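Values in this document were obtained by computation on a predicted structure and should not be read as measured data. Chain identifiers are assigned alphabetically (A, B, ...) following the order of the sequence lines, protein sequences preceding nucleic acid strands; residue numbering begins at 1 within each chain.
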Number of protein chains: 2
Amino acid sequence: MKTDTVFKRAFNDALDLVSDLADGEQLPSENRLSARLGVSRTTVRKVIATLAGRGIVDGGGRHRVVRSGGKQVRRFPEAETVPMGEQVERRFMEWMLRDNARPGMTINELELARQFGVATTGIREFLNRFQHYGLIEKRPNAGWVFKGFTTSFALELFEIREMFELRSARAFAALPAGSPLWQRIEALRQEHVALLGEIESRYHDFSDLDSRFHRLINSAAPNRFIDDFYDIITMIFHYHYQWNKHDERQRNEVAIREHLTYIDALLGRNVTIVELACRAHLASARDTLIKSTSGQDAGPGAVAPGVATGNAD
Amino acid sequence: MKTDTVFKRAFNDALDLVSDLADGEQLPSENRLSARLGVSRTTVRKVIATLAGRGIVDGGGRHRVVRSGGKQVRRFPEAETVPMGEQVERRFMEWMLRDNARPGMTINELELARQFGVATTGIREFLNRFQHYGLIEKRPNAGWVFKGFTTSFALELFEIREMFELRSARAFAALPAGSPLWQRIEALRQEHVALLGEIESRYHDFSDLDSRFHRLINSAAPNRFIDDFYDIITMIFHYHYQWNKHDERQRNEVAIREHLTYIDALLGRNVTIVELACRAHLASARDTLIKSTSGQDAGPGAVAPGVATGNAD
DNA sequence: GATCTGTCTCTTATTGGTAAAAACCAATGC
DNA sequence: GCATTGGTTTTTACCAATAAGAGACAGATC
């Protein structure tokens, strides 16, 4: 059976939406709600039906009005609104980065399925998508091997990242003065400055800003393979940051300053300076990541040794 | 139910293996056969049982002998030895490159499943893996869109390919004189010369040689993301060549000559010349590919126009 | 005493089936 | 006559079940 996370999330969103409406006001049309909530009309109707069942909307057909009179409505718990695929992803990343995973070990679909409480198909689908992140490998008819979040993984990742980012940064610097991207990067610069001002309290907002910044650079000369690769980066960093909180404020502050230098170089249109700033920033990001890798790769076919990660979490 | 393609292929291979043995000779041990055929002992035992059932091996337990006395054994048809995953891949590529597929059109899992005679899960699994080849895109809860084998796909593909290949070629040229790769490239050079000599009859052997050559270059400085990307190239070219036979001999001959120039440049260790030869070869490969793309991309959300592929096959 | 086979257990590949969600086709109202 | 809603059909997301294949553990054999 399909999960009804789509419905539950839509329902919660609808509650927020309705709470802005006065009592007795007309409910927007199904089509409108469908567009607003980002789901099909079928789901919208289910939401409205439930809303009606709880007395939040009244009347049928074309005359539905909001009845928000001080009612305390029960929302669906957050956990039930996240689709299975994402849940599997999260738990797998946790499992990999925090718990068991040793380079060279084999991954057992059935075991993960039991552990995560989903059918094997869900695990399979995830692993298949995850495969091209370069951390696991398939052995037909015999499961998967975890290749390890190792130093060479990080090095290889950053070699490509640097190639791509330099290429995009050059393209960005060469953009005509009239390009709308110049305004967007100016706006991002402001966001950086603002964040730096409140760094003490808001430092975990950096992750999102970081991603948006680098994607903007890449958009100067779009290439689907680069975008695709950047998904890997985003994923790795997203979970890496969640896991490794050590020195987070400090690290982010440094990164923001590097970004500002980088942005200013771009605004200055000087390719040499741009390359310098870009390289410097990536080098520091790389070093941070390397610090939390598990060291050596697995030997060919062999199970890895004890592995001293040096991580005193 | 799982398909038994593994067994059938192993059986056919075992027949070849046994036919080299004289009548009355001892059959190799299960372990040995397992290693030789690349399957588990479980499958080997099934093979032996079938072989025995058909009177090709005789005796049980530890004393099994071959009885090949002029028997005409029925092999399993080739088609039944190819695993479902591969079959889906082939048929999908056919479908995409030859038949229906128009940029912007939506892909229907259920329809493909019926058409290919497999369960939807098989299609799903394939599409998930295929996703990162950049030709399709997933719309959660609403199927997949075919983005089209367009000119911009080819251009984006080759932009990355050039970055990667130049980087690897430079690394190759900088290899120490003692590296075993120098011998391997020398050997590949010989193969090129040999193929050129018999180009009239053997021109379709180029595809394989091409792939091996570029992978050798890449192996000068291994990077899993580059390897991964090269899988895309290989796939595209594999099916592209099968589809577009136009001028094949001619094209391959040109490519071989370009390779030879490229190889000689590498052997000469002169980076400037290497880059020149590499760029020239890739440019010509790119132009060939572009000739068989479907022209424009799909507009945002719109279905593509009539599409004049200009392909007079 | 290492290799081989018989037996058993566990995992993977694949299939159908089912509820959720999307998409479609009228009919209706203003 | 266009947007809106009520029913219906199609498609996607998931699970449970099952045969094929891999791997482990003995006891048997030379």
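Both A:Pro83 and A:Arg62 lie close to DNA chain D; mapped to their nearest nucleotides by heavy-atom distance, the more 5′-ward contact belongs to A:Arg62.
The separation between A:Leu127 atom CG and C:dT11 atom P is 15 Å, rounded to whole Å. As a whole-Å value, the separation of B:Glu30 CD from D:dG23 C1' is 14 Å.
The aromatic rings of B:Trp95 and B:Phe146 stand perpendicular to each other, their planes meeting at an angle above 60°, with 30° marking the opposite boundary.
Side-chain nitrogen and oxygen atoms of B:Arg64 include none within less than 4.0 Å of the OP1 or OP2 phosphate oxygen of C:dC4. When the side-chain nitrogen and oxygen atoms of A:Lys46 are compared with OP1 and OP2 of C:dA21, one or more of them lie within a distance under 4.0 Å. In this structure, A:His63 reaches the C:dC30 phosphate: one of its side-chain N or O atoms is under 4.0 Å from OP1 or OP2. For the OP1/OP2 pair of C:dT12 and a distance below 4.0 Å, the side-chain nitrogens and oxygens of A:Asn141 include no atom meeting the criterion. A close approach under 4.0 Å does occur between a side-chain nitrogen or oxygen of B:Arg45 and OP1 or OP2 of C:dG6. Side-chain nitrogen and oxygen atoms of A:Arg114 include at least one within less than 4.0 Å of the OP1 or OP2 phosphate oxygen of C:dT11.
The base of C:dA21 is not paired with the side chain of A:Ser40 by any donor and acceptor separated by under 3.5 Å. No N or O donor and acceptor, one from the side chain of A:Thr3 and one from the base of D:dA13, sit under 3.5 Å apart. Evaluation of atom-type donor-acceptor distances gives no pair under 3.5 Å for the side chain of B:Arg41 against the base of D:dG21.
For B:Met84, the side-chain atoms get nearest to C:dT15 when compared with the rest of C:dT15, D:dA20, D:dA13. Here D:dT4 is the nucleotide among C:dA13, C:dA23, D:dT4 with the atom lying nearest to any side-chain atom of A:Ser29. With distances taken from any side-chain atom of A:Val118 to the nucleotides D:dA20, D:dA22, D:dC15, the minimum falls on D:dC15. Which of D:dG21, C:dT15, D:dA13 sits closest to the side chain of B:Lys138 comes down to D:dA13. Considering only the side chain of B:Asn31, C:dT5 comes nearest among C:dT12, D:dC15, C:dT5.
If you check the side chains of A:Thr234 and A:Arg215, you find a donor sitting under 3.5 Å from an acceptor.
Centroid-to-centroid, the aromatic rings of A:Phe116 and A:Phe92 stay 6.0 Å apart or farther.
Sequence neighbours left out, the pairs with a member in residues 105-119 of chain B that pass salt bridge (charged side-chain N to carboxylate O under 4.0 Å, His left out) are B:Glu109-B:Arg124.
Across all their heavy atoms, B:Leu51 and B:Ala14 have their closest contact at CD2-CB, 4.4 Å.
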